[in-house]
Number of protein chains: 2
Amino acid sequence: MAPKLNVRHASQVACRDCSLSPLCLPLALKIEDIDDLDDIIKRGRPLKKGEHLFLEGDAFHSVFAVRSGALKTYTSTNEGEEQITEFYLPSELVGLSGLDTDTYPVSAQAIETTMVCEIPFDKLEKLADSHPALRRQIMRVMSKKIREDQQMKLLLSKKNADERIATFLINLASRFRRRGFSSQSFRLSMSRNEMGNYLGLAVETVSRVFTRFQKAELIHANGKEIEITNAMDLCTLAGGKLSDTPEVVNIQ
Amino acid sequence: MAPKLNVRHASQVACRDCSLSPLCLPLALKIEDIDDLDDIIKRGRPLKKGEHLFLEGDAFHSVFAVRSGALKTYTSTNEGEEQITEFYLPSELVGLSGLDTDTYPVSAQAIETTMVCEIPFDKLEKLADSHPALRRQIMRVMSKKIREDQQMKLLLSKKNADERIATFLINLASRFRRRGFSSQSFRLSMSRNEMGNYLGLAVETVSRVFTRFQKAELIHANGKEIEITNAMDLCTLAGGKLSDTPEVVNIQ
DNA sequence: ACACTCTATTGATAAACAACAATGTCAATA
DNA sequence: TATTGACATTGTTGTTTATCAATAGAGTGT
């Protein structure tokens with residue numbers, strides 16, 4: 001339950017004092033270089049649920065690291081319905097898909113109260129010019145995103161509703177665990193609707209799968225509070241190769 | 001019909017003489033620097049249809065630019081069925097999703113006789129260290145891939161069979177056009193089966209949609225030969241925002 | 001505490017697509 | 001010209017999941 005890392009939420013924590021630094025961009029930098037990164041980072045007020053960080057079509061100028069809370073990114077289909085492309089949790093980097101165009105290709109919106117670190121991209125690029133490790137880290141983040149998208153495409157084109165939800169929960173669990181939180185028990189930051197949208201399912205289907213999973217005693221769900229009661233079977237259902245989620249296999 | 005660019009298929013064309021260079025990595029380089037890139041490129045014998053460039057799990061060492069022919073990349077689900085993650089046409093770069101791990105996360109296989117330029121990644125990285133434009137180009141390629149994957153996820157989670165096929169054809173047309181070929185009339189390098197696999201559809205569904213499209217006089221298909229007879233309506237069906245495929249809207 | 005709205009659940013029905021099966025087409029090879 | 005095998009098409013049947021509708025529950029603001 002309790003975080004293993006001493007997470008601080010104060011507004012103006014410097015990178016060198018931030019508990020997320022071993023997961024975030026600073027991981028590429030030597031101690032003495034972290035302040036260089038810190039110098040270019042802008043930290044604003046928290047975003048309230050529903051507020052946008054940027055809109056699709058806005059001029060691209062910065063990438064953002066989530067400090068606390070959660071974001072979603074989405075595009076709009078031409079019929080005006082939204083398609084959620086990703087959820088972002090603390091330490092994760094938002095906005096990198098825009099860097100080959102002059103505008104953001106998606107909108108980014110807070111799904112709960114959220115704090116971000118803004119990193120102006122021109123300055124980041126300049127810093128990367130003198131810090132090869134930083135630029136390799138950025139490439140790694142992008143490469144990882146491409147691999148995750150491949151998994152997601154597999155999910156969307158081959159998996160059924162049960163497998164999609166199982167995969168989603170296992171993936172969330174492993175992301176919580178990485179940050180030092182329990183992977184057994186956590187709170188979903190997104191609604192059933194958002195989950196369904198992301199997974200290519202109707203809300204009703206999501207709801208029914210949750211009910212089914214509870215009857216099968218795979219999970220216990222109370223609103224957004226989730227407890228994974230049978231991680232092994234859930235993992236098997238997810239059907240993802242274990243290599244994709246090694247962290248979660250190791251049950252505490 | 002006839003290629004606008006004077007495409008050469010000889011085995012040992014240098015970057016500076018390659019007709020694809022304005023679409024490929026060299027586009028980031030000044031004339032005098034292109035030879036530096038050329039020096040690190042290895043050009044092997046052509047791959048026959050079905051031959052692999054690399055297998056999932058192989059040690060990651062190189063990225064590859066397709067010179068002629070076509071490749072697919074795929075992963076295997078744990079039930080052993082393959083999921084095609086992408087098709088690669090000439091000038092496109094394969095293998096970038098592996099660069100944050102030590103192994104390729106997908107297998108790459110020729111779907112017709114194919115020639116590639118192999119670019120050892122350690123050398124490319126070293127070259128990029130001294131050529132900022134080159135490394136920005138690599139980032140752009142990755143960023144573009146992420147955006148395309150977003151569109152693909154949208155396709156897989158929101159579009160029906162007709163829309164998927166229409167989107168796929170429009171996308172192929174625009175890629176042909178970019179290389180100076182006709183976007184009205186071209187030859188598919190993949191089978192119906194591979195197309196269905198990629199688009200999350202059964203072969204039979206692909207076949208039926210093709211039949212339907214012909215009856216509606218949107219396309220004329222004869223085996224793998226495709227002629228787009230009503231690009232406007234096909235585009236509308238694809239439902240992709242026009243901004244995603246600006247090249248194809250301009251009907252010759 | 002109250003209405004009010006948004007979100008979640010559950011049931012009934014319908015649509016889209018997959019799965020299966022049979023047949024047809026084409027190309028390579030004998 | 002047969003023969004084989006891979007690929008494509010078409011019809012039939014079956015499953016899954018979306019859609020519609022009704023209800024219940026949670027959260028918000030007055």
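Note that these values count all heavy atoms, side chains included, but never hydrogens, waters or copies made by symmetry. A quick note: this is a predicted structure, and the numbers were derived from the prediction, not measured.
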Enumerate donor-acceptor pairs with a distance under 3.5 Å from any side-chain N or O in residues 194-204 of chain B to protein atoms, sequence neighbours excluded.
unit_1: B:Glu194; atom_1: OE1; unit_2: B:Ser191; atom_2: N; d: 2.9
unit_1: B:Glu194; atom_1: OE2; unit_2: B:Lys72; atom_2: NZ; d: 2.9
unit_1: B:Asn197; atom_1: OD1; unit_2: B:Ile84; atom_2: N; d: 2.7
unit_1: B:Asn197; atom_1: ND2; unit_2: B:Glu82; atom_2: O; d: 2.6
unit_1: B:Tyr198; atom_1: OH; unit_2: B:Glu86; atom_2: OE2; d: 2.9

Rounded to whole Å, the CG-C1' distance (B:Leu156 to C:dC17) equals 14 Å
Suppose we screen for side-chain hydrogen bond (donor to acceptor under 3.5 Å, both in side chains). Which residues come up paired with B:His220, at least two apart in sequence or across chains?
none
Applying salt bridge (charged side-chain N to carboxylate O under 4.0 Å, His left out), can you list everything that pairs with B:Lys144, at least two apart in sequence or on another chain?
B:Glu148
Please name all residues satisfying side-chain hydrogen bond (donor to acceptor under 3.5 Å, both in side chains) with A:Arg187, sequence neighbours left out, ordered by chain then number.
none
Contact check, side chains of A:Glu81 and B:Lys158, non-hydrogen atoms, under 4.5 Å:
yes
What string of B, S and - do you get for nucleotides 10-17 of chain D 5' to 3' if you count protein non-hydrogen atoms under 4.0 Å?
BBB----S
Roughly, in whole Å, what's the span from NZ in A:Lys224 to P in D:dG25?
18 Å
Rounded to whole angstroms, how far apart are CD1 on A:Ile165 and P on C:dT9?
11 Å
Among residues at least two apart in sequence or on other chains, which ones pass salt bridge (charged side-chain N to carboxylate O under 4.0 Å, His left out) with B:Asp162?
B:Arg212
Five-pair end axes of the helix from C:dA1-D:dT30 to C:dA30-D:dT1, angle between them (10°)
40°
Rounded to whole angstrom units, what separation is found between the CD atom of A:Glu112 and the C1' atom of D:dG27?
15 Å
Suppose we screen for side-chain hydrogen bond (donor to acceptor under 3.5 Å, both in side chains). Which residues come up paired with A:Asn193, at least two apart in sequence or across chains?
none
If I take atom CG in residue B:Asn193 and atom P in nucleotide C:dA18, what distance separates them, rounded to the nearest angstrom?
12 Å
Evaluate the ring planes of B:Tyr104 and B:Phe54, with Trp represented by its six-membered ring, and classify them as parallel (under 30°), tilted (30 to 60°) or perpendicular (over 60°).
parallel
Rounded distance (Å) that lies between atom P of D:dA8 and atom CD1 of B:Ile226
11 Å
The criterion is side-chain hydrogen bond (donor to acceptor under 3.5 Å, both in side chains); which residues satisfy it with B:Thr114, sequence neighbours excluded?
none
The criterion is salt bridge (charged side-chain N to carboxylate O under 4.0 Å, His left out); which residues satisfy it with A:Glu51, sequence neighbours excluded?
A:Arg45
Across all chains, not counting sequence neighbours, the ring-ring contact (aromatic ring centres under 6.0 Å, His included) partners of A:Phe176 are A:Phe186
Anything under 3.5 Å between a protein N or O and an N or O of nucleotides 23-29 of chain C, put it in a table, one pair a line.
none

Measure the distance from CG on B:Asn197 to C1' on D:dC7 and round it to the nearest whole Å.
15 Å
Tell me the interatomic distance from A:Met190, atom CE, to C:dT7, atom P, rounded to whole angstroms.
14 Å
